[in-house]
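Chain letters run A, B, ... following the sequence lines, proteins first, then strands; residues in each count from 1. Being a predicted model, the structure only gives us computed values, none of them experimental.
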Amino acid sequence: MSGERGVRELLLGTWRGRFGIAVLALTVFVAAFGGLLAPYDPYASSTDVLEPPSWSHILGTTENGSDVFSQLLVGTRVSVVVGFAAALISAVVGSIVGLAGGYFGGWTDRILDAFENWFLVIPTLPLMIVLARVLSPSLTVLIAVIGLTSWAGTGRIVRAQVLTLRERPFVERARALGAGDTYIIRTHILPNTLPLIFANTVLIVAVAILSEAALAFLGLGDPTRISWGTMLENAFSSGAPSAGAWWYVVPPGLCITILVLAVSLLGFLFEEYINPRLREAT
Amino acid sequence: MSPLLEIEGLRVTHDGKPIVDGVDLTLEPGEALALAGESGCGKTTTALATMRLLPPSLEQSGVITLRPEGVAEPINIGRRTETGMRLVRWRHISLVFQGAMNSLDPVQRVGRQLAEAIRLHERASSAELAARIAELLETVGLTAGVGDRYPHELSGGQRQRVMIALALACRPSLVIADEPTTALDVVMQAQVLQLLERLREELGLALILISHDLGVLAETCDRIAVMYAGRIVEIGAVDGVFAAPQHPYTKLLLDSLPVIGDERGLAAAIPGAPPHPGEPPPGCRFRPRCPFSGDRCDVDPDRREVGPRHEAACHYAPWERWPEIEPAAAGEGGAA
Amino acid sequence: MSGRWLAGKVGAAVLTLVFVLVFNFFLFRAVGDPTSQLARLPGATDEQIEQLREDYGLDKPLLGQFADYVGDTVTLDLGISQTTREPVWDEIVAALPWTLLLVGTGTLLATLIGAWMGVKAATHRGTRTDDGLLGFSLFTYASPEYWIGIILILVFAVAWPIFPAGQQVTPGVEFASWFDEALDVVDHLILPMTAMTLMLLGQYFLIMRSSMVDVLTEDFITVKRATGLSRERVINRHAVPNALLPLVTLSAIQFGAVAGGAITIETVFSWPGLGELSFNAINDKDFPMLQGTFLVFSFGVIFANLLADVLYFYLDPRVQSR
């Protein structure tokens, strides 16, 4: 099969793939070892308040005199953990709902579809805000809230795929031979849906990273941990923009942008790989 | 009498690779020429090149000359500026496409689209325009009311009639119809073909009819050109070619036509797939699929006269008698 | 036929709205009953708490409570803000025009510019123009809109102060005429509107580009060119009107993003709209206000979706006969 080579070619053969993989690898590395790399304790305050970049603080200091660069390194972890964990939850929920609706049809499908529709239409950020505020903010709550509000798109796509698979000859054959639902789903439906779920989940990672940052920026982040979003919140609420402290404001946002861009590009690549029609359209 | 259309050495390339590789063709005024061949052999590309409508990624070369009645100087299609070409298009050559659904702008009413084409080439008052549109629609067997409809409100056959009305809007001397009946059911196909034939006789149009369906072509056309991998491999009068094909490809194409009452039922398709015109096999292009090939086929044959007004690109032409081929051999590989 | 289509759409919207009401009711009920905070008052006796519960109708069965809630909501009684002690609805009514102004101008600009960019990119596919526009839109798509807002403040209000950094009018100024006041508002509007536009632009551009690329491969484009129309006329008269249709429906999906953007962007620019109300409600744990703004945002998005459907219905003749 050319599958494995195709994926390699996809990831390393285009600048988009190389950029995505490089950024992702670097980010994951920093997320894992950022604390060890940080030149300062990111939580330690000092009297050097809002200092511009210098040799001792290459990205300057915060309103508390903490080192911006160290915060940036340590903050990576929350973005990565929330991004991936929330996307995983979203993938699992979306797949189950999509599979169940598409495969069983009938009233199951109608009810799940209405549910899905609701989640698709309701504005996500306000919904997340309400949920996050009602439960008090922590890392787990963030992951759960983001994961449980962003699965509807996946559900929709999986359902459509399952609907077409269900009518395929090999599924009908299996059913005629007396195969049970679990068996058919496990051996025929799921393997043919997984690539789609995967590509979509990569895109959800990007959405989850942005959502975490937005919630943190609105003061709904985990108060005990630094993330790029909380950095932006602190910078904004301490008046760093009007003080002209660009070194405090630019880096966290840029990190979010580059990571989201990298993940999105990878997601688009996977989507194109699965759906060749898209390849021609872009 | 000088020909209406003369195509000499037409080549169309994409990234240096040919799609159409040296097509020569002439067409007399009022003549109907069939262009046959499998999909991907360059039929549509040839048609679009005649109107210089190829996308910018394709490059065309060769000389195309058009001599419409009442125009003193012959029109050299290759030399015209884009603006100059716009005056030629539709005024002298028009086009009927296969996708009846997609050939008309879906968000504009039919009448408005007809009016747009007419206004591009003629000055006409609103009243004249309305009369012309009604007349055009009636010519193709539709009521004038169709002009107020959107394309999706019409049936496939009606849309194709509208398309033909559009093609006639500026009274061109040549209509190129690219698979005009493909998307239609058999009854509609017959009606549209009859319409084309009738209009050709009444209006003295020349017609290039492109199809992979030899049956359709035989009914409507005077001459037939068979294309294979970017070239015309055989050209001649329809009767002559159908009675005694002189290129193995044409022979196999005709053999693959289902014959009513024949015991074989569905005939064998030609085994193998045509090569991409950009990467032809060495020697004769048809050799890998040809059951009659011999030593001389190492050399790419030129098209030459093999009978009265009958040309073919095969070293062994004219064929006195076609050797028998085993049905099994012909059918093999067909599934591969 | 078309009436049934429309009725179906309206029905779906109403159903979604009912879902929102149910969700809103149970979520805020689940957090604990609204009296729990009041009950924490020192020295509150059990009788007083019971009295409060009765006042709030919490002694009734759940269904009764829900009926009360729906009744209140329909009569626009959304409760009292716990911070300002003003009716939530009054505050929302005061804030709504500002949000509509910001969201409306931002969406309009993003649609116009995004569509224009999409057409440019699709007609110059594979060239530097296309690559540049793609890169730019991917960047704005990936960056948080509030961060873009802060950068705008940093550049255009601090480093090169040509625009005010926040609020809707210059405080403490007596305007000579309504026109001067309007000018002042526009001056304040420009930066947040730009942030809103940049947030939406990427998506609109990508939608328009791919829809335009699709349309340009259609046969009728070749036919129109064959009739002698110039490339520009074919694009402007036939390709663009067709390519705009998906933009209308697909941009409806963006309304949710608009609501989210309103919250963060208004926060950054202290723009006195619904977003800022939500932000304050988050910080003050003002649940009635949060509930109210969420309701209005949801209603707005559902309504906007419906509007997009209706608009599409009138724009695309094909839908009407379906």
Measuring heavy-atom distances to chain B, does Leu229(C) have an atom under 4.5 Å in its side chain, in its backbone, in both, or in neither?
-> both
What's the spacing between Asp105(B) CG and Asn242(C) CG if we round to 0.5 Å?
-> 4.5 Å
Above 12 or not: heavy atoms from other molecules or residues under 6.0 Å from CD of Glu69(B)?
-> no
From CD1 (Ile221(C)) to CG (Leu53(B)), nearest 0.5 Å | 12.0 Å
Please look at Leu166(B) and chain C and tell me whether the side chain, the backbone, both or neither of the residue comes under 4.5 angstrom of a heavy atom of that chain.
-> side chain
Does Glu116(B) come within less than 4.0 Å of Arg237(C), counting only side-chain N to carboxylate O?
-> yes
Hey, what do you get for CG (Leu104(B)) to CD (Glu218(C)), rounding to the nearest 0.5 Å?
-> 11.5 Å
Assess whether atom CD of Glu122(B) is packed by more than 12 heavy atoms of other residues, nucleotides or ligands within 6.0 Å.
-> yes
To the nearest 0.5 Å, how far apart are OG1 in Thr227(C) and CZ in Arg91(B)?
-> 14.0 Å
Is it true that atom CZ of Arg67(B) has more than 12 heavy atoms of other residues, nucleotides or ligands lying nearer than 6.0 Å?
-> yes
Specify which of Ser230(C), Ala239(C), Pro241(C), Ala226(C) makes the most heavy-atom pairs with chain B at under 4.5 Å.
-> Ala226(C)
For Pro106(B) and Pro317(C), the nearest pair of non-hydrogen atoms, with its separation, is O-CG, 3.6 Å
What do the steps show when you test Asp219(C) against Met163(B) for side chain to side chain contact (heavy atoms under 4.5 Å, CB included), and what is the final call?
-> CA-CA 12 Å; Asp219(C) 280 349; Met163(B) 209 33 232; over 6 Å; no
Could you check if a side-chain atom of Met51(B) sits within less than 4.5 angstrom of a side-chain atom of Arg225(C), using non-hydrogen atoms only?
-> no
Quick one: does Arg233(C)'s side chain get under 4.5 Å of Leu120(B)'s, heavy atoms only?
-> yes
